[in-house]
Amino acid sequence: MTGEVNGMALSKQDLREVTAFAAACAEVVLEVFEGDQPDDLRPRDAIGAAWEFARGGERGKALRDRAWAALKAAKSADSAAAREAARAAMSAAGAAYLHPLAKATQVKHILGAGAYAARAAELVADDDRSVGAEHLEQTLHRATPAVVDVLKRFPTAPSGGGRVGELIRMLDADLRSLTFAE
């Protein structure tokens with residue numbers, strides 16, 4: 001499967017790479033949600049579905065349904081940190097639906113899980129933004145050359161989106177500046 005719109009191509013392998021990156025980002029803060037809502041498996045299931053796709057599974061209704069379920073779980077969480085952790089899980093499953101549209105808004109499919117996870121970490125630390133910056137630094141190490149290559153096909157992240165939008169833009173700039181040894 002190769003999607004091409006506005007001259008951009010995304011292979012299924014590109015989508016798998018992006019989804020694996022997003023799942024790894026979201027997994028780091030899953031315990032934040034589960035500490036708040038220990039009986040709610042929806043975010044865990046969304047991350048599991050993202051990993052399943054990343055490892056060769058199909059991108060179908062079950063993956064999309066798990067993404068939506070994680071978003072619903074976010075709405076039922078008691079703490080802001082847990083809500084952001086569930087949104088990270090939703091973004092991990094949603095990463096598989098990155099579209100080959102040369103639009104800045106698509107960048108959130110690539111970086112949303114990392115930004116929501118960083119925001120969750122900040123909130124756990126009493127809104128300490130240095131914790132978010134440290135979290136983004138760790139996120140950079142999860143990015144593969146393939147993820148950075150896909151990101152660079154898109155325009156830079158758009159303005160807006162509050163603190164999560166700011167974290168997306170920070171992560172976007174940092175990833176675009178990465179160079180990998182051949």
Are R142 and E27 ion-paired here, with the side-chain N under 4.0 Å from a carboxylate O?
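Salt bridge absent between R142 and E27.
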With a 4.0 Å cut-off on N to O distance, would you call R119 and D127 a salt bridge?
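Answer for the salt bridge query: yes.
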Please check if [X] and [Y] belong to a single hydrophobic cluster, counting links between Ile, Leu, Val, Met, Phe, Trp and Tyr side chain heavy atoms closer than 4.5 Å.
X    : Y    : value
I110 : L63  : yes
V164 : L151 : yes
V28  : I47  : no
M170 : F154 : yes
L111 : F53  : yes

Side chains of [X] and [Y]: does their closest heavy-atom pair fall under 4.5 Å?
X    : Y    : result
F21  : L175 : yes
V150 : L10  : yes
L15  : Y97  : no
E84  : L123 : yes
H135 : L167 : no
R64  : K61  : no
L140 : L171 : yes

If you draw the axis of the six-membered ring of W51, does the NZ or CZ of R55 fall within 45° of it and under 6.0 Å from the ring centre?
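Yes; both conditions hold, so R55 lies above the ring face of W51.
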Do side-chain atoms of [X] reach the backbone of [Y] as a donor and acceptor pair under 3.5 angstrom?
X   : Y   : result
D45 : R66 : no
D36 : D78 : yes
R83 : A74 : no
R59 : A96 : yes

[atom1] of [X] to [atom2] of [Y]: how many Å apart, nearest 0.5 Å?
X    : Y    : atom1 : atom2 : result
Y116 : R163 : OH    : CZ    : 14.0 Å
K108 : S91  : NZ    : OG    : 6.5 Å
D174 : E137 : CG    : CD    : 7.0 Å
L98  : H109 : CG    : NE2   : 6.5 Å
E52  : R16  : CD    : CZ    : 10.0 Å
D172 : T156 : CG    : OG1   : 6.0 Å

Please check if atom [atom1] in [X] has more than 12 non-hydrogen atoms from other residues, nucleotides or ligands closer than 6.0 Å.
X    : atom1 : result
K72  : NZ    : no
R169 : CZ    : yes
E31  : CD    : no

For side-chain contact (heavy atoms from CB on, under 4.5 Å), just list the numbers for R129 and E166, CA-CA rounded to whole Å, side-chain angles, deciding distance to a tenth of an Å, and then say yes or no.
CA-CA 11 Å; R129 292 187 175 208; E166 184 179 340; 3.6 Å; yes
Between the side chains of S76 and R42, does any donor sit under 3.5 Å from an acceptor?
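Looking only at side-chain atoms, R42 and S76 do form a donor-acceptor pair, the distance falling under 3.5 Å.
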Answer with yes or no whether the side chains of T144 and E17 bring together a donor and an acceptor at under 3.5 Å.
yes
Taking all non-hydrogen atoms of both residues into account, name the closest pair between [X] and [Y] and its distance.
X    : Y    : value
A93  : A46  : CB-O, 3.7 Å
A86  : P43  : CB-CG, 3.9 Å
R176 : K152 : O-CE, 3.2 Å
T139 : C25  : CG2-SG, 3.5 Å

Among all residues two or more places apart in sequence or in another chain, which pass the side-chain contact (heavy atoms from CB on, under 4.5 Å) test with V124?
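Expected list: V32, A81.
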